[in-house]
Structures are given as C-alpha cells and as structure tokens.
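Just the heavy atoms: all of them, side chains too, but no hydrogens, waters or symmetry mates, feed the values below. Proteins come first, then strands; the chains are lettered A, B, ... in the order of their sequence lines, and each starts at number 1.
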There are 2 protein chains.
Amino acid sequence: MAENNGGEGLLFLTDEQLRKGIEAMFFAYRGFTADPDRILSSLDYGRAHHRAVHFVHRSPGTTVGNLLTILGVTKQSLNRVLRSLFDDGLVEARVGKKDKRERHLYLTEKGAALERSLSDAQRVRMRTAYRAAGPQAVQGFRTVLEAMMDPELRRQYQGLKETPQ
Amino acid sequence: MAENNGGEGLLFLTDEQLRKGIEAMFFAYRGFTADPDRILSSLDYGRAHHRAVHFVHRSPGTTVGNLLTILGVTKQSLNRVLRSLFDDGLVEARVGKKDKRERHLYLTEKGAALERSLSDAQRVRMRTAYRAAGPQAVQGFRTVLEAMMDPELRRQYQGLKETPQ
DNA sequence: CATTTTATGTCAGCTGTGTTGACATTCCAA
DNA sequence: TTGGAATGTCAACACAGCTGACATAAAATG
C-alpha cells in the first residue's frame with residue numbers, strides 16, 4: 001500500500017541491501033546489549049543472568065521448564081545461572097502446589113531492583129532510537145524482526161503479549 | 001506523512017512498547033544467527049569465525065588492526081580465531097608493501113566458499129523476512145537499527161558503504 | 001642515529017555460558 | 001507397583017571473551 005518504490009520494485013531485496021541489513025543487525029545488537037553489559041560485568045554477571053531476570057520479571061511464577069523453552073539453552077546451563085541468582089538473593093523458587101517437581105520463580109525485591117536498573121538502561125537507548133526514527137519506522141522495525149524469528153520463537157514472542165501469567 | 005498515530009502520538013514510546021521491542025531484538029537475533037550457527041558448528045567453528053570471515057570478505061586486504069576495531073574484541077581473542085583460519089587455509093595474510101608491520105587479510109578460494117555458504121544461509125532468512133514485511137517496513141527496520149548503534153559503531157557501519165577497499 | 005610509538009603475535013590464566021553425560025527426585029499412568 | 005516422563009543437580013568439557021606480560025619488527029620522531 002502506498003510507496004510503489006519504483007515500478008518493478010524489489011530493489012530492497014538485492015544482495016547488497018541484504019548485506020547491509022545483516023551488518024545493521026550485527027552492529028545494532030552490540031549497541032543493544034552494551035548498556036546492560038556494563039552493569040552486569042560490574043556484578044560478575046553476564047547476559048545469561050540478564051535474560052533470566054528479564055523473563056522472570058516478565059512472567060512471575062514461571063517454571064524452570066518454561067524458562068528453558070523461552071531461552072533455548074540446556075537446563076544445566078540455566079541451572080548454573082539460577083543457582084547464582086538464588087545464592088545472591090535475587091530470585092526465589094517456590095515448589096509447585098499441584099506438581100511438586102516444578103519450581104516457580106519470582107524476583108525478590110533485590111532482584112526486582114536489578115531488573116529495573118538493567119531494563120532502564122536498555123530502555124533509554126531503545127526510547128532514544130525509537131524517538132529518532134519515528135512511529136512508522138518503529139512499526140517497520142517490529143514487522144521485520146517478527147518475520148526474522150523462527151516460527152517457534154515467534155509464537156513464544158507473541159504468546160507473551162497475552163500471557164502475563 | 002500519513003498515520004498520525006493518535007494526535008499527541010508517542011504511544012510507541014511506552015514502557016510496554018519498548019519492552020516488546022527489546023524482546024523482539026532478542027528473539028530475532030536468535031533467528032538471525034541460527035542458520036549460520038548450524039553450518040559453523042558442523043565445522044567446529046563459532047560465530048567469531050563467521051564474523052572474521054564476513055568482514056574479510058567485505059573488505060579484502062583489511063588489516064588485523066582494522067578488524068579489531070570493527071569487531072570490538074581483543075587482539076588475543078581475534079588472533080586465536082585468525083590462527084585457526086590460517087591453519088585451515090581459509091584466510092591468507094600478506095605483509096604490507098608500505099608498512100611491513102601490517103598483515104593484509106584475504107579469503108582463499110576455500111574461505112570464499114565458506115563465506116558464501118554462511119551468507120547464503122543468512123540471506124535466505126533475511127530475504128524472506130524482507131519480502132514478507134515489504135520495502136517500507138525494511139526502511140523502518142534499518143532506520144531504527146542505525147539509531148540503536150553506538151555512534152562509533154554507526155560510523156563504522158556507514159563507512160563500510162563507501163569503502164569497498 | 002637513538003628513541004619512542006605502532007602493529008602485531010604469543011603465552012598464561014581467568015570468566016561466563018554454552019554443551020553432554022550421569023544421576024536423583026517426583027509424578028502419573030499402565 | 002512398577003516404569004516412564006518431567007524436572008532438577010553435579011561434574012566435566014569447549015568456546016570465546018577478557019587481562020597482563022612480553023617479544024619483535026617497522027615506522028615515526030627527536
């Protein structure tokens with residue numbers, strides 16, 4: 001709709017355009033993680049801790065199994081991260097009432113504070129970029145990113161919209 | 001132009017919108033790297049090798065120092081990667097004519113073949129996403145990503161446009 | 001010419017985060 | 001009740017970041 005970009009179009013699908021897109025992803029992702037990374041490294045944490053804290057904040061009471069699906073890592077890898085978050089009192093696990101094998105995860109006050117500090121840093125950059133680019137660009141940004149996800153991950157992503165619990 | 005998104009606008013800057021953008025970056029980047037990762041792991045390489053090969057292909061004759069700047073890693077880390085690429089005959093280093101301290105990097109035929117296989121895989125996904133999203137969305141995508149980069153990295157990124165050599 | 005700076009490489013060692021494999025616990029269903 | 005499925009833990013390994021220390025050769029500077 002609108003914008004026929006030159007009759008036969010498809011100029012945006014040339015290898016050169018695609019390469020630019022690939023490099024844009026690479027450089028932008030560096031920026032995207034830079035601010036949280038600084039905070040994390042001062043605490044001897046890494047991105048894995050950030051991701052765990054983010055999704056526990058996002059879906060309080062989620063189980064380890066859910067987190068495994070969302071994060072796409074092995075349970076052993078996640079477990080190492082969770083253990084350090086437990087030990088440092090950032091995340092709390094409560095045994096499931098129905099199924100006692102499950103552990104439901106919650107941020108402590110301290111964990112919530114870290115989450116806030118990380119996501120504040122990340123949101124500042126995001127907000128600045130969004131504002132500079134404008135709402136239409138933002139919509140395009142989200143559209144392309146969604147199309148780039150694996151279908152399984154896209155479902156996870158979209159599912160999170162409606163599943164605050 | 002068009003789409004005034006609700007008078008006072010700025011609805012796209014709410015924390016909830018920003019969080020969606022953050023998660024979109026996270027899930028999309030997973031998709032973005034998934035296909036090359038599969039090829040790489042079958043060769044006992046990792047993303048670090050992919051990045052090196054990509055930028056050597058992109059700027060043949062680039063020096064180790066240039067690569068360090070672009071990749072943003074330490075020389076020790078890059079050196080480990082480059083050494084394995086030399087040993088496996090994928091990348092070739094030629095001593096500089098003007099400055100003999102510099103080593104200029106080139107892909108061998110074998111290295112170019114790997115680069116092609118990696119970037120083909122990545123481009124397929126990119127092209128599919130671009131086509132599904134349309135040219136206007138792609139433009140917005142690129143605009144937001146550029147705005148998200150660190151200024152230094154943005155210069156690197158934009159500089160690559162004009163500097164095939 | 002002597003000195004300093006630059007570009008590069010190498011060795012050792014540490015960290016974070018991914019992996020497999022083996023095993024324990026809990027739940028549920030045959 | 002027994003066996004499989006889901007879940008979590010411990011051990012060990014690989015990769016790719018990192019810092020620090022040191023070496024060498026070339027270039028730039030005094």
Side-chain angles (χ1 to χ4, degrees), chain A residues 26 29-30 33-34 36-56 61-88 90-105 118, chain B residues 26 29-30 33-34 36-56 61-88 91-105:
Chain A
F26 171 65
Y29 201 78
R30 289 253 295 278
T33 56
D37 280 355
R38 267 187 289 276
I39 297 172
L40 290 160
S41 75
S42 75
L43 300 170
D44 284 338
Y45 288 148
R47 282 184 202 171
H49 299 84
H50 185 184
R51 295 194 278 266
V53 164
H54 174 97
F55 284 106
V56 171
T62 193
T63 61
V64 175
N66 284 340
L67 220 46
L68 284 177
T69 307
I70 289 175
L71 298 178
V73 297
T74 58
K75 60 183 175 173
Q76 295 89 332
S77 189
L78 176 57
N79 202 258
R80 194 199 292 123
V81 168
L82 284 180
R83 201 178 332 132
S84 69
L85 293 173
F86 296 149
D87 291 350
D88 298 347
L90 301 179
V91 173
E92 204 173 82
R94 301 182 203 153
V95 172
K97 282 176 192 159
K98 287 193 55 176
D99 190 333
K100 289 182 196 163
R101 291 171 302 181
E102 294 179 339
R103 296 188 307 165
H104 298 268
L105 304 172
L118 291 172
Chain B
F26 171 66
Y29 201 79
R30 288 255 295 279
T33 56
D37 280 356
R38 267 188 289 275
I39 297 171
L40 290 160
S41 75
S42 74
L43 300 171
D44 282 339
Y45 289 147
R47 282 183 204 171
H49 300 84
H50 184 185
R51 295 194 280 265
V53 164
H54 174 96
F55 283 106
V56 171
T62 193
T63 61
V64 174
N66 283 340
L67 220 46
L68 284 177
T69 308
I70 288 175
L71 298 178
V73 297
T74 59
K75 62 179 177 175
Q76 294 91 331
S77 190
L78 177 57
N79 203 257
R80 196 198 290 127
V81 168
L82 283 180
R83 200 178 333 133
S84 70
L85 293 174
F86 295 148
D87 291 351
D88 298 347
V91 173
E92 203 174 81
R94 301 182 203 152
V95 172
K97 282 175 191 160
K98 287 194 55 176
D99 189 331
K100 290 181 195 163
R101 291 171 304 180
E102 294 180 336
R103 297 190 307 165
H104 298 268
L105 304 172

What does Thr63(B) touch in the nucleic acid at a heavy-atom separation under 4.0 angstrom: a base, only the sugar-phosphate, or nothing?
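The answer is sugar-phosphate, as Thr63(B) gets under 4.0 Å only of primed atoms, P, OP1 or OP2.
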With a 4.0 Å cut-off on heavy atoms, is His50(A) in touch with a base, just the backbone sugar-phosphate, or nothing at all?
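The answer is nothing, as His50(A) stays clear of every strand by at least 4.0 Å.
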Give the minimum heavy-atom separation between [X] and [Y], together with the two atoms involved.
{"X": "Leu78(B)", "Y": "Val64(B)", "value": "CD2-O, 4.0 Å"}
{"X": "Leu105(B)", "Y": "Ala93(B)", "value": "CD2-CB, 4.0 Å"}
{"X": "Leu85(A)", "Y": "Val53(A)", "value": "CD1-CG2, 4.0 Å"}
{"X": "Val81(A)", "Y": "Ala48(A)", "value": "CG2-CB, 3.7 Å"}
{"X": "Arg47(B)", "Y": "Tyr29(B)", "value": "NH1-CE2, 4.1 Å"}

Students often mix this up, so state it plainly: with edges at 30° and 60°, are the rings of Phe26(B) and Phe55(A) parallel, tilted or perpendicular?
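Taking Phe55(A) first and then Phe26(B), their aromatic rings sit tilted (interplane angle of 30° to 60°).
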Of the nucleotides dT7(D), dG8(D), dT17(C), which has the atom closest to the Arg101(A) side chain?
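The listed nucleotide nearest to Arg101(A)'s side chain is dT7(D).
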Counting side-chain heavy atoms from CB outward, which of dC27(C), dC10(D), dG16(C) is closest to Arg83(A)?
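Nearest listed nucleotide: dC10(D).
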Does a nitrogen or oxygen in the side chain of His49(B) sit under 4.0 Å from OP1 or OP2 of dA16(D)?
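True: His49(B) side-chain N/O within range (under 4.0 Å) of dA16(D) OP1/OP2.
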Using whole Å, what does the distance between atom [atom2] of nucleotide [N] and atom [atom1] of [X] come to?
{"X": "Leu43(B)", "N": "dA16(D)", "atom1": "CG", "atom2": "P", "answer": "12 Å"}
{"X": "Glu102(B)", "N": "dT24(D)", "atom1": "CD", "atom2": "P", "answer": "21 Å"}
{"X": "Lys100(A)", "N": "dA6(D)", "atom1": "NZ", "atom2": "C1'", "answer": "16 Å"}
{"X": "Arg38(A)", "N": "dG16(C)", "atom1": "CZ", "atom2": "C1'", "answer": "18 Å"}
{"X": "Asp99(B)", "N": "dT6(C)", "atom1": "CG", "atom2": "P", "answer": "12 Å"}
{"X": "Arg94(A)", "N": "dG8(D)", "atom1": "CZ", "atom2": "C1'", "answer": "19 Å"}
{"X": "His104(A)", "N": "dT26(C)", "atom1": "NE2", "atom2": "P", "answer": "15 Å"}
{"X": "Leu67(A)", "N": "dT17(C)", "atom1": "CG", "atom2": "P", "answer": "14 Å"}

At a heavy-atom distance below 4.0 Å, what parts of residues 74-81 of chain B sit against DNA chain C?
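Close to the strand are Lys75(B), Gln76(B), Asn79(B).
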For Leu90(A), does its backbone N or O pair with a side-chain atom of Asp88(A) as donor and acceptor, under 3.5 Å?
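A pair under 3.5 Å: no.
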Name the residue closer to the 5' end of DNA chain C, choosing between Arg51(A) and Phe86(B) according to the nucleotide with the nearest heavy atom.
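It is Phe86(B), whose closest nucleotide lies nearer the 5' terminus.
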